[in-house]
Visitor: 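Just passing along the structure, written as structure tokens.
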Amino acid sequence: MENNADYTNTIGKHFYALEYEFIFSNYSVHKLNVAGGYAQAQFQIFDSNNWGDLVPFVRYDIVSLSNAAQNANEHAWKIGLNYNLPFTRKLLNFHVEYGKHFLTGSPILLGSNNRKFDEFRLELRINTTRYLRF
């Protein structure tokens, strides 16, 4: 099962978006349930052909794993930015993200005793379709 929604609007000439997604999966062979999702807010700083498109975001993720005997949860706060490079018609995107993760529950399901960790991502994304806002 999957459910998501987003709301996009403008403040002046700047777009902002609020979105969430929820997913539930049952892996019956392993008798494991996975449920989780995220909520995210983002705000466009600028959008121009000469300078590109800069959109910082903040996001909260939560994931729960459970079976008949055990459960485990992961919570994460993430901040970052997406920068669509100039003169690429938003087909080339640079993504930077920092996340702080917190784990609770069964170490058997988690596969680790590490309960807190940081994540840092640098990505260069190439899109095959142009991202359009309406």
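Residue numbers count from 1 along this sequence. Predicted model, so just to flag it, every value in this text is computed and none were measured.
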Visitor: Taking Tyr83 as the starting point, is it possible to reach Ile45 by hopping between hydrophobic residues whose side chains are less than 4.5 Å apart?
Guide: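 In one cluster: yes.
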Visitor: So does Asp47 pair up with Lys90, basic N to acidic O under 4.0 Å?
Guide: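 A salt bridge is present here (some side-chain N lies under 4.0 Å from a carboxylate O).
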Visitor: Below 4.5 Å, heavy atoms only, C-beta onward: do Leu92 and Leu124 meet side chain to side chain?
Guide: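 They are in contact (side-chain heavy atoms under 4.5 Å apart), so the answer is yes.
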Visitor: Linking Ile, Leu, Val, Met, Phe, Trp and Tyr through side-chain heavy atoms less than 4.5 Å apart, which residues share a cluster with Phe57?
Guide: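 Grouped by the 4.5 Å side-chain rule, Phe57 forms a cluster of one, so the answer is none.
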Visitor: In terms of hydrophobic clusters joined by side-chain contacts under 4.5 Å, are Ile23 and Leu32 together?
Guide: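 No, separate clusters.
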Visitor: Backbone N or O of Gly99 within a donor-acceptor pair of the Arg59 side chain at under 3.5 Å?
Guide: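 Absent.
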Visitor: Counting only N and O atoms by type, is there a donor-acceptor contact under 3.5 Å from the side chain of His75 to the main-chain atoms of Ile62?
Guide: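 Side chain of His75 to backbone of Ile62, a donor-acceptor pair under 3.5 Å: no, none is there.
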Visitor: What I want to find out is whether Lys78 reaches Glu119 closely enough, with some N-O distance under 4.0 Å, to be called a salt bridge.
Guide: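 Salt bridge: yes.
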Visitor: Flag yes if Tyr7 and Ile11 sit in one hydrophobic cluster, no otherwise; membership is Ile, Leu, Val, Met, Phe, Trp, Tyr, and two members link when side-chain heavy atoms are under 4.5 Å apart.
Guide: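 Result: yes, single cluster for both.
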Visitor: Table please: side-chain donor-acceptor pairs of residues 63-72 below 3.5 Å, with sequence neighbours left out.
Guide:
{"from": "Ser64", "atom 1": "OG", "to": "Asn73", "atom 2": "OD1", "distance (Å)": "3.1"}
{"from": "Asn67", "atom 1": "OD1", "to": "Ala69", "atom 2": "N", "distance (Å)": "2.9"}
{"from": "Asn67", "atom 1": "OD1", "to": "Gln70", "atom 2": "N", "distance (Å)": "2.7"}

Visitor: Are Phe117 and His101 near enough that their ring centres are under 6.0 Å apart?
Guide: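 For Phe117 and His101, the ring centres are under 6.0 Å apart.
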Visitor: Can you get from Val58 to Val96 by hopping between Ile, Leu, Val, Met, Phe, Trp and Tyr side chains that sit under 4.5 Å apart?
Guide: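 Yes; Val96 is reachable from Val58 via cluster members.
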Visitor: Between Phe46 and Trp51, is the ring centroid distance below 6.0 Å?
Guide: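 Judged by ring-centre distance (under 6.0 Å), Phe46 and Trp51 do not meet the cut-off.
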